[in-house]
Amino acid sequence: MVIELANIFENEDSVVSFDRLVPTDGDCADERFPAGIVASGTVKNHCGIVTMQGKADFTFRAPCDRCAAVTERVFSVPIVHTLCRSESEEADDSIIVRSDLSLDIDGLIYEDAVLSLPTRFLCREDCKGLCPICGADRNLVDCGCQKPSDPRLAALRQLLDDSMDNSQED
């Protein structure tokens, strides 16, 4: 959805509302958002400052980073952007420059949703993950595998074993 900004920039207190299902197929094909992204908010000019404010609600589906179980989680993300016509010397990443006076909100909302996701996606906070030896899901079964010892420590282990043997002989 494209919002034309010319009227908003020229008229103080002008407001354009949006209530939209942002599709995640086509150009933004992403199966991790099974129901799309539901976004609502406004683009408004208040005292000469044009802002886009609202929220995006979505369900995110992905495999757990520890056990690979497919997991869904619901998110609600705030949308807050300041819009301007030209770049100023004090510009930063929070300001969006729209010299063509149009704004594609679908792409912007999709970016906000993706950037709000956690870097590590877990099925639950205490996920035990997969056993590195047999591959069993440690959340479901205790496989009993022993963690292999680090071969770099073999010499130290041998010293400890020798010391234990000597103390038992005395």
Side-chain angles (χ1 to χ4, degrees), residues 1-132 135-142:
M1 173 180 180
V2 176
I3 295 179
E4 296 301 325
L5 299 173
N7 189 36
I8 297 172
F9 274 112
E10 292 171 6
N11 299 306
E12 281 192 27
D13 298 324
S14 61
V15 177
V16 173
S17 297
F18 61 90
D19 192 10
R20 176 139 179 83
L21 173 63
V22 178
T24 54
D25 55 3
D27 291 342
C28 295
D30 197 335
E31 296 173 1
R32 299 174 301 172
F33 299 93
I37 301 169
V38 178
S40 60
T42 59
V43 177
K44 64 182 175 181
N45 182 336
H46 181 69
C47 297
I49 299 172
V50 178
T51 59
M52 176 180 173
Q53 295 181 332
K55 71 174 187 159
D57 299 314
F58 58 91
T59 300
F60 183 72
R61 178 187 301 153
C64 174
D65 287 336
R66 290 186 187 156
C67 70
V70 176
T71 305
E72 286 189 358
R73 188 163 296 134
V74 177
F75 290 90
S76 185
V77 177
I79 300 169
V80 180
H81 296 285
T82 303
L83 310 173
C84 67
R85 292 186 209 198
S86 62
E87 201 167 324
S88 68
E89 292 179 19
E90 298 175 15
D92 59 24
D93 292 339
S94 65
I95 297 176
I96 299 173
V97 178
R98 301 306 317 163
S99 57
D100 61 354
L101 297 179
S102 65
L103 177 66
D104 177 11
I105 65 169
D106 288 352
L108 188 57
I109 292 168
Y110 177 79
E111 285 179 18
D112 285 349
V114 170
L115 291 173
S116 72
L117 294 171
T119 55
R120 177 176 266 177
F121 194 70
L122 303 176
C123 61
R124 60 184 200 225
E125 289 301 316
D126 64 341
C127 178
K128 297 176 184 175
L130 301 176
C131 174
D137 186 345
R138 292 192 276 185
N139 296 313
L140 304 175
V141 64
D142 184 16

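Numbering of residues begins at 1 and proceeds along the displayed sequence. Keep in mind the model is a prediction, meaning the values are calculated, not measured.
- For D142, there are no side chain to side chain contact (heavy atoms under 4.5 Å, CB included) partners two or more places apart in sequence or in a different chain.
- Under the salt bridge (Lys or Arg N to Asp or Glu O under 4.0 Å) criterion, E12 pairs with no residue at all, not counting sequence neighbours.
- Counting only heavy atoms from C-beta outward, the side chains of F75 and P118 approach each other to under 4.5 Å.
- For A69, the side chain to side chain contact (heavy atoms under 4.5 Å, CB included) partners are C67, not counting sequence neighbours.
- Partners of R73 according to the salt bridge (Lys or Arg N to Asp or Glu O under 4.0 Å) rule, which considers only residues two or more places apart in sequence or in another chain, do not exist here.
- Qualifying side chain to side chain contact (heavy atoms under 4.5 Å, CB included) partners for P132, counting only residues two or more places apart in sequence or in other chains: R138.
- With sequence neighbours excluded, the residues forming a side-chain hydrogen bond (donor to acceptor under 3.5 Å, both in side chains) with D126 are R124, listed by chain and number.
- Taking R66 as the reference, nothing meets the salt bridge (Lys or Arg N to Asp or Glu O under 4.0 Å) condition, with sequence neighbours excluded.
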Please table the atom pairs, donor to acceptor, closer than 3.5 Å between any side-chain atom in residues 33-50 and protein atoms at least two apart or in another chain.
residue	atom	partner	partner atom	Å
N45	OD1	G48	N	2.9
N45	ND2	I8	O	2.8
N45	ND2	F9	O	3.4

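- In this structure D65 satisfies the salt bridge (Lys or Arg N to Asp or Glu O under 4.0 Å) test with no other residue, sequence neighbours excluded.
- Partners of D137 according to the side-chain hydrogen bond (donor to acceptor under 3.5 Å, both in side chains) rule, which considers only residues two or more places apart in sequence or in another chain, are N139.
- Remark: T119 engages no residue in a side-chain hydrogen bond (donor to acceptor under 3.5 Å, both in side chains) (not counting sequence neighbours).
- For K55, the side-chain hydrogen bond (donor to acceptor under 3.5 Å, both in side chains) test picks out D57, with sequence neighbours left out.
- Rounded to the nearest 0.5 angstrom, I79 CD1 and T51 OG1 are separated by 12.0 Å.
- D112 and H81 get closest at one heavy-atom pair: OD2-NE2, 2.7 Å.
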Checklist entry - Can M52 and L108 be said to form a side chain to side chain contact (heavy atoms under 4.5 Å, CB included), step by step? => result CA-CA 10 Å; M52 176 180 173; L108 188 57; 3.6 Å; yes

Checklist entry - When you look at I109 and F58, which way does the side chain to side chain contact (heavy atoms under 4.5 Å, CB included) test go after all the steps? => result CA-CA 11 Å; I109 292 168; F58 58 91; over 6 Å; no

